[in-house]
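Below: the structure, in structure tokens.
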Amino acid sequence: MGGGGSSTRRVTFEADENENITVVKGVRLSDSVIDRMKEPSSPSGRPQSQQRSASGAANDEELKKRIAEELALERARRDSEAQKRRLFGKLLEQERISSNEHLTRAILRERAATEEERQKAQRFARQLEEKDRELKKHDAYYKEQLARLEERSAQFYKVTTEQYQKAADEVSSRFK
């Protein structure tokens, strides 16, 4: 926008809220520079920048310097944002990996606890079956002992009844 370049550029102007700086495609320019840019070109057909005095050339250099600074600042801002996005992406990835590890550990702990509970249940089932077999064995033993005692009791009763009958018959026969 100034110097002795041969290419022509079309520029649109927008005034910002304080009216002393105008935005030209993202580059801020002072009012004096904008006024110079708005001046019509000379009737001779030569660009206005060639008609300027030495102070105009100095302003041109200052404008180029400001534009270069603004572009450098914009690039730096974009690079900073890109770096922030990369850093944020890395942090998100680390957080995802960390939560996956925590989830995996929790799942493994839960599986281990479930397996332990299953083994406990199996051990208790075996103990219960063992107790059941032992109780059945005791039940059979006591039933057998009860049957023996009932048989002996029946034999004693029979013998005692026979002896009583015999003794009663003897006493009856003596006293008759």
Side-chain angles (χ1 to χ4, degrees), residues 1 9-31 33-34 63-176:
M1 317 241 152
R9 294 186 186 177
R10 207 166 260 266
V11 178
T12 57
F13 298 94
E14 296 176 9
D16 83 350
E17 58 274 354
N18 54 11
E19 297 295 326
N20 61 357
I21 296 178
T22 301
V23 178
V24 179
K25 290 190 179 180
V27 178
R28 293 187 174 266
L29 304 172
S30 68
D31 285 336
V33 173
I34 293 168
L63 175 62
K64 286 180 183 179
K65 185 179 175 184
R66 283 186 189 165
I67 290 173
E69 287 174 358
E70 288 291 328
L71 290 174
L73 286 173
E74 182 64 23
R75 276 192 217 109
R77 186 186 62 77
R78 286 182 187 160
D79 290 345
S80 173
E81 287 179 6
Q83 186 177 5
K84 285 178 186 176
R85 280 194 296 271
R86 284 191 300 272
L87 180 61
F88 186 67
K90 285 179 184 178
L91 289 174
L92 283 177
E93 182 64 20
Q94 288 173 350
E95 186 64 30
R96 185 186 63 77
I97 289 170
S98 175
S99 42
N100 281 346
E101 288 173 356
H102 289 299
L103 182 61
T104 302
R105 280 190 233 131
I107 289 171
L108 291 176
R109 279 194 303 267
E110 193 60 37
R111 284 182 183 166
T114 303
E115 181 63 24
E116 187 177 322
E117 288 295 322
R118 188 184 62 77
Q119 289 175 352
K120 241 188 214 181
Q122 286 178 343
R123 189 172 57 246
F124 288 146
R126 284 193 299 269
Q127 288 174 351
L128 184 61
E129 288 172 0
E130 174 97 11
K131 290 278 185 191
D132 193 40
R133 280 194 297 271
E134 201 173 301
L135 285 174
K136 285 180 181 178
K137 193 188 287 185
H138 284 293
D139 188 47
Y141 173 77
Y142 291 129
K143 282 182 181 179
E144 181 182 317
Q145 293 299 320
L146 181 62
R148 275 191 199 162
L149 288 175
E150 285 177 348
E151 184 180 324
R152 287 175 86 191
S153 177
Q155 287 175 354
F156 283 128
Y157 179 75
K158 184 179 176 184
V159 168
T160 307
T161 306
E162 287 175 0
Q163 286 177 353
Y164 175 78
Q165 208 53 23
K166 189 174 174 185
D169 287 345
E170 269 182 33
V171 169
S172 234
S173 63
R174 269 193 209 170
F175 292 105
K176 276 192 187 177

> Applying the side chain to side chain contact (heavy atoms under 4.5 Å, CB included) test to I97, which of E101, E95, Q94 qualifies?
Replying inline: E101
> So which of R109, R105, R111 actually passes side chain to side chain contact (heavy atoms under 4.5 Å, CB included) with I107?
Replying inline: R111
To the nearest 0.5 Å, how far apart are [atom1] in [X] and [atom2] in [Y]?
| X | Y | atom1 | atom2 | result |
| --- | --- | --- | --- | --- |
| S153 | L146 | OG | CG | 10.0 Å |
| Y164 | D169 | OH | CG | 10.0 Å |
| Q155 | T160 | CD | OG1 | 11.0 Å |
| K120 | Q127 | NZ | CD | 11.5 Å |

Taking C-beta and beyond as the side chain, do [X] and [Y] meet within less than 4.5 Å on heavy atoms?
| X | Y | value |
| --- | --- | --- |
| I67 | L71 | yes |
| T114 | R118 | no |
| K136 | R133 | no |

> Can you check whether A76's main-chain N or O pairs, donor with acceptor, with S80's side chain at less than 3.5 Å?
Replying inline: no
>> If you apply the rule salt bridge (charged side-chain N to carboxylate O under 4.0 Å, His left out), what do you find for K137 with E134, and how did you get there?
In response: CA-CA 5 Å; K137 193 188 287 185; E134 201 173 301; over 6 Å; no
>> As a test of understanding, state which of E144, E151, E150 forms a salt bridge (Lys or Arg N to Asp or Glu O under 4.0 Å) with R148.
In response: E144
>> For Q145, I'd like to know if atom CD has over 12 heavy atoms of other residues, nucleotides or ligands within 6.0 Å.
In response: yes
> What do you reckon, is CD of Q122 surrounded by more than 12 foreign heavy atoms closer than 6.0 Å?
Replying inline: yes
So, [X] and [Y], do they make that salt bridge, N to O below 4.0 Å?
| X | Y | result |
| --- | --- | --- |
| R75 | D79 | no |
| E81 | R77 | yes |
| R126 | E130 | no |

> Are K166 and E170 close enough, and set up right, to give a salt bridge (charged side-chain N to carboxylate O under 4.0 Å, His left out), and what steps lead you there?
Replying inline: CA-CA 6 Å; K166 189 174 174 185; E170 269 182 33; 5.3 Å; no
>> Checking R96 against E93 for the salt bridge (charged side-chain N to carboxylate O under 4.0 Å, His left out) test, could you report, in this order, the C-alpha distance in whole Å, the side-chain angles of both residues, the deciding distance, and whether it holds?
In response: CA-CA 5 Å; R96 185 186 63 77; E93 182 64 20; 2.3 Å; yes
